[in-house]
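Here is how names work: the chains are called A, B, and so on, in the same order as the sequence lines, proteins then strands, and each is numbered from 1. What you see is a predicted model; the values in this text were computed from it and never measured.
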Amino acid sequence: MPDENKILTVSASPHVKSKDSTQRIMLDVVIALIPAGLAGCFIFGGKALLVIGLCVFFSVLFEYLSRKIMKRSNTLGDLSAVVTGLLLAYNIPVLDVAKFDGKTWKATVMTVFLCLIGSFFAIVVTKQFFGGLGQNFANPAIVGRIVLLVSFPSAMTAFTVPKAAVDAVTSATPLGVLSDASLFDRAGDIGAQLTQLSGDGYLPDLFSMFIGVKGGCIGEVSGLLILLGGFYLLMRGVISPAIPVSFIGTVSVFMLIAGKGNLPFVAYELLGGGLLLGAIFMATDYTTSPITVKGKVIFGIGCGVICSVIRLFGSMAEGVSYAILLMNIACPLIEMLTKPRPFGVEKTKKSKKEGNAA
Amino acid sequence: MAEKKSCVKEITKGFLRENPTMRLVLGTCPTLAVTTSVVNAIGMGLSATIVLICSNIAISALRKVIPSKVRIPAYIVIIASFVTVVQMIVKAFLPALDESLGIFLPLIVVNCIILGRAEAFASKNPVLLSACDGLGMGLGFTAALFCMGTVREVLGAGTFLAGIQDLVNIGGFTGFDFSEKITSIGLSPVTIFILPAGGFFVFGILMAITNKIAQGKGLPKAELHGCEHCPMAANCTRRTEQEATR
């Protein structure tokens with residue numbers, strides 16, 4: 001393969017030069033992801049750092065090996081594998097040793113295995129089998145997470161108790177508590193139940209929820225720091241607000257209706273799972289989200305609807321990753337529907353089907 | 001079709017050159033549905049093989065009697081009779097297999113491989129050759145199912161040949177079970193491989209490997225060799241269009 005940078009690019013005008021490169025964008029995403037990861041390490045201890053390190057290492061390794069085996073150019077420099085590894089790690093919980101007969105080494109073996117399988121499906125299957133960055137049909141980290149979630153349901157929900165939480169009595173995620181029919185009944189008085197649950201230690205209070213002292217995956221716990229990273233990406237122009245706002249907005253509307261107007265309930269639902277992480281960092285992946293603003297809004301609303309329906313009516317507590325995956329697959333269709341009309345071209349009414357020239 | 005056909009060649013072609021699942025991409029529905037365990041895969045493969053041999057023989061013997069306009073219904077009737085026979089035998093002697101294969105056993109009637117071979121081969125060739133074709137295709141199908149079943153069962157459930165005692169009794173052998181060893185070091189089987197998503201994944205990978213091996217042997221890329229071999233050619237719009245332009 002010739003050096004890509006040396007090929008003379010001949011393209012139609014306008015010839016706009018930009019300093020943007022894949023590498024710079026990915027670097028910005030990495031920078032934006034760091035605070036949430038640090039929060040995860042602070043809350044869950046050094047094991048979180050192990051998960052992050054392993055996922056990034058395996059992702060980069062798989063990226064290198066698969067490109068090498070497929071005899072394609074080396075793409076480690078664009079940092080996309082690092083981003084995928086980070087996002088994948090943020091979607092894996094620090095395993096609860098109690099679920100492995102209290103043996104730390106067993107939990108560690110499983111952690112390594114989770115990172116390995118997740119990185120393989122993310123990088124090799126989702127990305128490189130389909131042709132590399134820009135060709136993946138879905139967000140690699142999302143596919144990695146879903147493969148893990150489907151394959152190892154007990155390990156992936158073996159959340160560990162946050163180290164920083166002194167009085168927490170349960171490691172279940174807030175969403176898990178809210179979808180547990182024996183603890184929480186949506187038909188009853190929601191406000192009173194929420195106060196009682198947080199008084200009994202089942203739910204952290206809203207401030208802990210916001211800064212991240214709660215059970216959950218490594219990178220999804222701290223809403224504050226995810227939002228901080230999101231603002232950084234917005235400032236740098238890496239992502240447009242269309243998808244996150246419409247995604248989170250749709251979920252809020254659904255939860256407002258389901259919670260009969262109870263605002264703390266909406267807050268618990270928004271901060272409880274991977275919604276912020278998914279909406280800001282994963283749904284906005286360039287390859288698998290629409291280009292136009294209209295398309296992005298449709299994409300975000302679709303994600304919100306699917307996510308809310310899974311959370312409210314499904315058997316699972318969390319639906320963000322499935323929502324994003326389904327909308328990723330629907331993305332080409334949205335793209336087709338929202339293709340902008342070129343300037344000067346008349347609006348075509350549904351034209352009669354032209355006879356196929358045989 | 002100038003080359004002379006030999007029985008051996010008709011049998012061996014089913015394994016690699018014209019493997020029904022991996023190269024002709026026929027019969028994918030049972031391939032994906034029943035390969036969650038090796039025993040199911042073998043049971044399905046052998047049942048289909050028996051039906052395939054019998055229906056190929058019958059259709060080949062009747063090929064000059066069946067009017068071409070009603071040949072598809074005629075084939076289906078013949079195939080359905082043999083499937084019923086096989087189903088009853090399995091129900092009587094291997095009830096556990098019948099239970100695990102479920103609806104996919106009677107559905108052999110509409111298995112594309114069987115109808116496809118009837119249309120593409122048995123209706124044009126003498127009885128002995130058709131029987132060999134049926135045997136080769138059936139064993140090729142079984143081999144493909146066996147490979148898929150092996151990968152999926154070992155990775156997805158941590159067992160191999162589990163439940164073999166339902167199929168044949170080999171001195172009380174009940175298959176291998178690694179799942180306890182796996183859980184004892186903290187791991188667990190990768191469940192997605194016995195779910196539909198994993199089925200498609202393994203199918204795709206095996207197909208790629210088969211094509212790679214076939215390419216190494218200088219065989220042509222997997223295709224139906226034009227319209228002559230396609231069972232749908234008679235009603236195919238593309239074919240009629242092509243003929244219209246000719």
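With chain A as partner, the option from B:Gly156, B:Ser184, B:Gly204 having the largest number of non-hydrogen pairs under 4.5 angstrom is B:Ser184.
Heavy-atom contacts from other residues, nucleotides or ligands closer than 6.0 Å to CZ of B:Phe176 number 12 or fewer. Within 6.0 Å of the CZ atom in B:Phe178, the count of heavy atoms belonging to other residues, nucleotides or ligands exceeds 12. Crowding of A:Gln135 atom CD: a count of heavy atoms from other residues, nucleotides or ligands under 6.0 Å exceeding 12. Enclosure of atom CZ in B:Phe104 by more than 12 non-hydrogen atoms of other residues, nucleotides or ligands within 6.0 angstrom is indicated.
In this structure, B:Phe201 and A:Phe120 have perpendicular ring planes: the angle between them is above 60°, well past the 30° mark.
Of the atoms belonging to A:Val112, not a single heavy atom falls under 4.5 Å from chain B.
Atom CZ of A:Phe113 is separated from atom CD1 of B:Ile185 by 8.5 Å, given to the nearest 0.5 angstrom.
Inspection of non-hydrogen atoms places B:Ser188, B:Pro189, B:Val190, B:Thr191, B:Ile192, B:Phe193, B:Leu195 of residues 188-195 of chain B under 4.5 Å from chain A.
Residues B:Ile205 and A:Phe129 form a side-chain contact, since some pair of their non-hydrogen atoms from C-beta on lies under 4.5 Å apart.
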